[in-house]
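Below you'll find the structure, written out as structure tokens, and then a few comments.
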2 protein chains.
Amino acid sequence: MNGSLSPEQVVSAARRLITAGGLDAFSMRKLAAVLDVNPMTIYLRFESKDVLLQAVAQASLTGLRLPPPSGSWIDQVVDLAAAIKDHLVADRAMLRVHSDPARLSAGVLGAVDRGLGLMAEVGYEGAHAVESFRQLFWSAVGAALVDGTFDSLPGSRSDLTDALAAVDDHPHIHDHATHFGPVDANRLFRSTARSLAVGLAAAAPMEIPS
Amino acid sequence: MNGSLSPEQVVSAARRLITAGGLDAFSMRKLAAVLDVNPMTIYLRFESKDVLLQAVAQASLTGLRLPPPSGSWIDQVVDLAAAIKDHLVADRAMLRVHSDPARLSAGVLGAVDRGLGLMAEVGYEGAHAVESFRQLFWSAVGAALVDGTFDSLPGSRSDLTDALAAVDDHPHIHDHATHFGPVDANRLFRSTARSLAVGLAAAAPMEIPS
DNA sequence: ACCTGAACACCGTTCAAGT
DNA sequence: ACCTGAACACCGTTCAAGT
């Protein structure tokens, strides 16, 4: 190893390691082993594990691709939110890391621009357009963070088994017990985004374009 | 120390430690020091750090209190979502831990029951009621996870400074640049929940009750 | 200038030994 | 039966020393 270790090499090796083994199992020493380098050599490129992980998180945001616009206004809103969420989910292992990715990737900027455009189409202007798009954007981020947590909070069968024990206090749960199947994260997010889009459209100054 | 260390003591000390110092700084050895006990004694109560953290996460879900129902149907839906989210945010440091809290607290069950009831009020039945409530519930969980990440993804001023550099490709961002102030997480979530509620109401079989 | 080995102050957890 | 001390196999990071 002599001047041959670029920061990009470090980031991409770290990304591979995290995607393969998760964030918890990631360590500077393992990364050094994979790079066939002394652990301390990495510290010549990145001042700490934290700084390296931020670079990794930023790299993971760069590849967002938007689907071509098609369908009704509501369809387009839902598609956009889903694209954001899906991209974030793909790099979910790194999401927690985001404490300061000040610079945004071109992909994310494209999504922001598309979203603002959609809001403008139904008459949202200025701060209202920003506000409306933010609802969509942060819902997508939340869904991405939540993805994988599904089945560990209300909704899975095992939860309801317990709930039925407390059924005296919870008549509605009792009535709907048979309908609590497993959660399809993707389907659920799309229907949520659709409801959100309908709500945004209803409050918009203009009619929904056809 | 002789038979005097209850699992409850361990959980509540762990909770205090995590709330005060965050999950990253939490360790079994520090917990043992706070409890004035040998680190290994904790392992007689909980088989691993992971298992202990799950018990902590579950304990943190127990205290959810619902606000008294008031206002329009939409107001109530928004209030419910906000209550869930606020409670989760309060214990946000522990949220990541949830890999298997199979048993739900009474507080969460109450929220599920209230939500299903609200959906029934506008005519959602069976699986549709469950589906509609899930949109609300998981939005709240997502918002809770996201809370604190605000200002690190699109929306903060520093982001837009960068975005303006790429302005040729992003006309909508350019037009709205001055409206990207800091994000008020709480206000944003409430307006998101409101849009969601409007969307759910619009698709409901019945009229919104007054 | 660039890299490294040894060392420091931590981890979670195992296990043989103590009372 | 209940607890513990020493030990193992790890961490991130510092820093003096090597080339």
Side-chain angles (χ1 to χ4, degrees), chain A residues 1-60 93-101 152, chain B residues 1-60 93-101 152:
Chain A
M1 277 312 117
N2 209 314
S4 60
L5 184 71
S6 71
E8 288 75 21
Q9 279 177 277
V10 177
V11 166
S12 95
R15 239 184 126 183
R16 271 194 305 274
L17 227 48
I18 293 170
T19 304
L23 195 57
D24 288 340
F26 175 78
S27 81
M28 296 298 267
R29 290 164 122 112
K30 282 179 193 160
L31 177 59
V34 160
L35 289 165
D36 194 24
V37 134
N38 185 286
M40 293 313 104
T41 305
I42 300 172
Y43 283 85
L44 299 173
R45 308 285 182 273
F46 297 92
E47 77 180 68
S48 70
K49 188 187 186 182
D50 214 68
V51 168
L52 168 59
L53 286 180
Q54 275 172 35
V56 171
Q58 193 175 315
S60 82
M94 273 156 270
L95 263 186
R96 303 191 201 156
V97 164
H98 284 304
S99 53
D100 180 35
S152 72
Chain B
M1 277 311 120
N2 209 315
S4 60
L5 185 71
S6 70
E8 289 75 21
Q9 279 176 279
V10 177
V11 167
S12 94
R15 237 184 129 183
R16 273 193 304 274
L17 226 50
I18 293 170
T19 304
L23 195 57
D24 288 340
F26 175 79
S27 81
M28 296 299 266
R29 290 165 121 112
K30 282 180 192 159
L31 177 58
V34 159
L35 289 166
D36 195 24
V37 134
N38 184 286
M40 294 313 106
T41 305
I42 299 172
Y43 283 85
L44 298 174
R45 308 286 182 270
F46 298 92
E47 77 180 69
S48 69
K49 186 187 188 185
D50 215 68
V51 168
L52 168 59
L53 286 179
Q54 276 172 35
V56 171
Q58 195 176 314
S60 81
M94 272 156 270
L95 262 186
R96 300 189 203 159
V97 164
H98 284 303
S99 53
D100 182 33
S152 72

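In what follows, every chain begins at residue 1, and chains take the letters A, B, ... in the order their sequences are listed.
Nucleotide C:dT4 holds its C1' atom 13 Å from the CD1 atom of A:Ile42, rounded to whole Å. Atom-to-atom, OH of A:Tyr43 to P of D:dC15 comes out at 13 Å; the value is rounded to the nearest Å. Protein atom NZ of A:Lys49 is 9 Å distant from nucleotide atom P of D:dC11, rounded to whole Å. Protein atom CG of A:Leu31 is 14 Å distant from nucleotide atom C1' of D:dC11, rounded to whole Å. Summarising the geometry, the separation between CG on A:Asp24 and C1' on C:dC11 is reported as 13 Å, rounded to the nearest angstrom.
The side chain of B:Thr41 lies closest to D:dT4, out of C:dT13, D:dT4, D:dT14. Out of D:dC11, C:dC15, D:dC2, the shortest distance to the side chain of B:Met40 is found at C:dC15. Closest contact between the side chain of B:Asn38 and the listed nucleotides D:dT4, D:dT13, C:dG12 involves D:dT4. The nucleotide whose nearest atom lies closest to any side-chain atom of B:Ser48 is, among C:dT13, D:dC11, D:dC3, C:dT13.
Positionally, the nearest nucleotide of DNA chain C for A:Leu44 lies more toward the 5' end than for the other of A:Leu44 and A:Arg29. Positionally, the nearest nucleotide of DNA chain D for A:Lys30 lies more toward the 5' end than for the other of A:Lys30 and A:Glu47.
Residues B:Pro39 and B:Met28 form no side-chain contact, since every pair of their non-hydrogen atoms from C-beta on lies 4.5 Å or further apart. Counting heavy atoms from C-beta outward, A:Val56 and A:Phe46 have side chains that stay 4.5 Å or more apart.
Nearest approach of B:Val11 to B:Ala55, heavy atoms of both residues: CG2-CB, 4.0 Å. Here the closest heavy-atom approach between residue A:Tyr43 and residue A:Ser48 is recorded as CE2-CA, 4.0 Å.
Of the nucleotides present, none pairs with C:dC3 by Watson-Crick or G-U wobble criteria with both distances under 3.5 Å. Pair check for C:dA17 finds none; no Watson-Crick or G-U wobble contact set falls under 3.5 Å. When both distances must be under 3.5 Å, the Watson-Crick or G-U wobble mate of D:dA9 does not exist.
If you run side chain to side chain contact (heavy atoms under 4.5 Å, CB included) between B:Val10 and each of B:Leu35, B:Val34, B:Leu44, only B:Leu35 comes through.
An OP1 or OP2 oxygen of C:dC3 is reached within less than 4.0 angstrom by a side-chain nitrogen or oxygen of A:Arg45.
Residue-level contact check: A:Met28 touches the backbone only, with heavy atoms under 4.0 Å from sugar-phosphate atoms and none from bases.
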